[in-house]
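In what follows, every chain begins at residue 1, and chains take the letters A, B, ... in the order their sequences are listed.
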There are 2 protein chains.
Amino acid sequence: MELSERKEKILRAIVDDYIMSAEPVGSAYILENHELGVSSATVRNEMAALEEAGYLEKPHTSSGRVPSVLGYRTYVNSLMKEYSLTLNEMAHIRNALAHQYMEFDKALSSISEIVSFLTNYTAVFTTPVSSKYNIRQIKLISVDPQSFVMIVVLNEGVVKNRTMRVKKPYEAEVLDKLSNYLNNKFAGINLNALTDDILDEEKALVPVESYILDMIFDFISELAKDTEDYNIVCSGTTNIFNHPEFNDINKTKDFLNFVRSGNSGEIKEILKKASSNAEPSVIMGDDNPLLKEHGLSMVVSDYSLGNDLKGKMAIVGPTRMDYAKVISTLNYMSQHIKGLIGETDENTDK
Amino acid sequence: MELSERKEKILRAIVDDYIMSAEPVGSAYILENHELGVSSATVRNEMAALEEAGYLEKPHTSSGRVPSVLGYRTYVNSLMKEYSLTLNEMAHIRNALAHQYMEFDKALSSISEIVSFLTNYTAVFTTPVSSKYNIRQIKLISVDPQSFVMIVVLNEGVVKNRTMRVKKPYEAEVLDKLSNYLNNKFAGINLNALTDDILDEEKALVPVESYILDMIFDFISELAKDTEDYNIVCSGTTNIFNHPEFNDINKTKDFLNFVRSGNSGEIKEILKKASSNAEPSVIMGDDNPLLKEHGLSMVVSDYSLGNDLKGKMAIVGPTRMDYAKVISTLNYMSQHIKGLIGETDENTDK
DNA sequence: TTTAGCACTCACGGCTTTCGAGTGCTAACA
DNA sequence: TGTTAGCACTCGAAAGCCGTGAGTGCTAAA
């Protein structure tokens, strides 16, 4: 159904107001806040029509109107006015990105923190994965006479390590030899190519006690599996307390369990399914049964950094979400995050 | 004030019952659940005396009694019966400790997860720090023609790394040389000894472009600062929904903000101040104004792993906490956590 | 010192009442 | 035909009002 210009105006006004106030909005309230040049009775008639057409809903007979999912969708797709980040907000984001972090995970959670802070909703990031991880270098380094740490450097500067303990003291040369052997054998190889079969085959050729090889090859094998999958970083969960739809303790409980289920969980599934899109896209209502069940919406966007690392970031919140602001924030973030890895030259003067 | 044996018995009964039920306990209720051999009137008299002496409180005139802080303290110090972990619970802990983790942080949060799961409260761990970190090895590894990753291995198998990008492509030999130089210079040195002054002095001697050296020495310098301080890992925050004192949305909000303030925050301060004690110790009420304000208690215990890494772990919950169970759980954990680092030989057969 | 008995207190849940924001409908008007 | 003033109606939310019952403290007798 095509909406008349006036209907569009009214629908936009209702969604805007409802997003601000969280209260069902009535005809009089609209007139106060928007220049429409008609009376409340006319607005009521139009609202009745919009309800009839499925854009609005009434919590009960004598209350104001609330946008339906269709209403929100129309709003997001064509009615909403773009939100421009303030200079302050942009600065926040750039600062977070310019900072030098001790570990990559820290960086990711800081960034997630910023996004949730700016939007006032909950932010969820996936750790980035590469489609073509390969091993750049392997090194075994002695920690004490009976333990060493195995370090694997992947492309994009990803570093993985694990400490291993052996049953009796080893000679320094033995460790070096093994280190060189592994490095020669595996450097340059794509992780995906390292199936367990190939590893087993390889293992049979090395003249070292088998339990040590088990540890080493287990690590490599897990690495291959681990890097295929991503993890979830989530922050700003307590922001929901700022939104009245979560004044009910059970809703809050529900939300936190949903969102903090993290890696094992439902959020991950939703992100996995979400289509890859550099532009932020909105998932709500019928798009996903889980979100519908919890009365939530998500705005999801891809991000990429370095040469080949890609991940997703999302904002989770009530369906009554400030989509304009959320979308702008994710947009700005995804445009600027690219240089997070390695690009240190810009901020050495700071 | 010395308590008669019967008063002790009654106080213990009240605290036990209250911990279970979260309801003020009345004289009749006690008689039902405990063998006292006296009438409810007698119990009432004793309760009045215990209240007079400050061990009990009444929410209002005609309600049952609730333990006061003094009551809890007496209970914890001398009345409480020790809780024995079930075989199942012990197995949970041992499994978590036996598992091989990709990264140390993951291990810590898994362990924290287990502790919060078993106790049904919120667990807070500090990342472990060593009093004498020293550098075992430094290595620069090429990632692409214009970036490399700097890896620093500390004792106890702690690995830190940062990716660095340079303005123009470098020669492989230059990187190797620099890598060797750094390694020769710093391997074996205690991190605490590396003040900024010393680093600056050293920096002047190296014939490499200064912005690159800045990046490298900044990293080392931050490393020294970073390892002095610890971070906070926290899990099981949603467990509070299982306790009726948090049925009030504001209490819950308050609690989550308190506990998730994490690194910037109050919890960290409390843990810092907590006396070092291998045995779990209880902090509540007047011990700490912050906890008092939020109506919370903590049980804190040290843990140590490897040869020289030490941290603290704590359970945060309502003052009405199952202290016996929490203490036993932390005890068991701190006894078994020691081998988390490196001790892989026990579970290769699994 | 203990205990039976009893009057008293007070939070809690359920019920009713009141209030008001907001509606839909009708009839008049442009 | 579209707009608007007017009005009766609806219904949720807040406030007020018991009745109930768990639990107490006190008194007097054992």
- Message: By nearest heavy atom, map B:T61 and B:R6 onto DNA chain C; which one lands nearer the 5' end?
- Response: B:R6

- Hey, which of these two, B:H60 or A:S63, hits DNA chain C nearer its 5' end, going by closest nucleotide? B:H60

Under 4.0 Å between a side-chain N/O of [X] and OP1 or OP2 of [N], yes or no?
{"X": "A:S39", "N": "D:dT4", "value": "yes"}
{"X": "A:R44", "N": "D:dA5", "value": "no"}
{"X": "A:T42", "N": "D:dT4", "value": "yes"}

- Assign A:S40 to base, sugar-phosphate, or nothing according to its heavy-atom contacts below 4.0 angstrom with the strands shown. nothing

- Task: Apply salt bridge (charged side-chain N to carboxylate O under 4.0 Å, His left out) to A:E8 and list each qualifying residue two or more places apart in sequence or on a separate chain.
- Result: none

- Item | salt bridge (charged side-chain N to carboxylate O under 4.0 Å, His left out) partners of A:R44, counting only residues at least two apart | none

- Item | B:K58, NZ: over 12 other non-hydrogen atoms inside 6.0 angstrom | yes

- Message: Need the bend value for the helix from C:dT1-D:dA30 to C:dA30-D:dT1: angle between end axes, 5 pairs each end, nearest 10°.
- Response: 20°

- Task: With sequence neighbours excluded, tell me which residues meet side chain to side chain donor-acceptor pair (under 3.5 Å) with B:S39.
- Result: B:T42

- Only counting residues at least two apart or in another chain, list the ones meeting side chain to side chain donor-acceptor pair (under 3.5 Å) with B:N239. none

- Message: For a 4.5 angstrom cut-off between non-hydrogen side-chain atoms, does A:N288 reach A:E293?
- Response: no

- Item | Distance-only donor-acceptor test, A:S62 side-chain atoms vs D:dT10 base atoms, 3.5 Å | yes

How long is the line joining [atom1] of [X] and [atom2] of [N], in whole Å?
{"X": "B:E32", "N": "D:dA22", "atom1": "CD", "atom2": "C1'", "result": "12 Å"}
{"X": "A:E23", "N": "D:dA13", "atom1": "CD", "atom2": "C1'", "result": "11 Å"}
{"X": "B:K58", "N": "D:dG23", "atom1": "NZ", "atom2": "C1'", "result": "9 Å"}

- Query: Yes or no on salt bridge (charged side-chain N to carboxylate O under 4.0 Å, His left out) for B:R73 and B:D287, after CA distance, side-chain angles and deciding distance?
  - Reply: CA-CA 11 Å; B:R73 197 159 271 148; B:D287 295 334; 2.7 Å; yes

- Query: Taking A:R65 as the fixed residue, which of A:E46, A:E51, A:E23 is the one that meets the salt bridge (charged side-chain N to carboxylate O under 4.0 Å, His left out) rule?
  - Reply: A:E51

- Does A:K312 offer a backbone N or O that forms a donor-acceptor pair with the side chain of A:T126 under 3.5 Å? yes

- Message: Going 5' to 3' along DNA chain C, between which two nucleotides do contacts with chain A fall, using a heavy-atom cut-off of 4.0 Å?
- Response: C:dG22 to C:dG24

- Message: Heavy-atom nearest nucleotide on DNA chain D for B:M47 versus A:P59: which residue maps closer to 5'?
- Response: A:P59

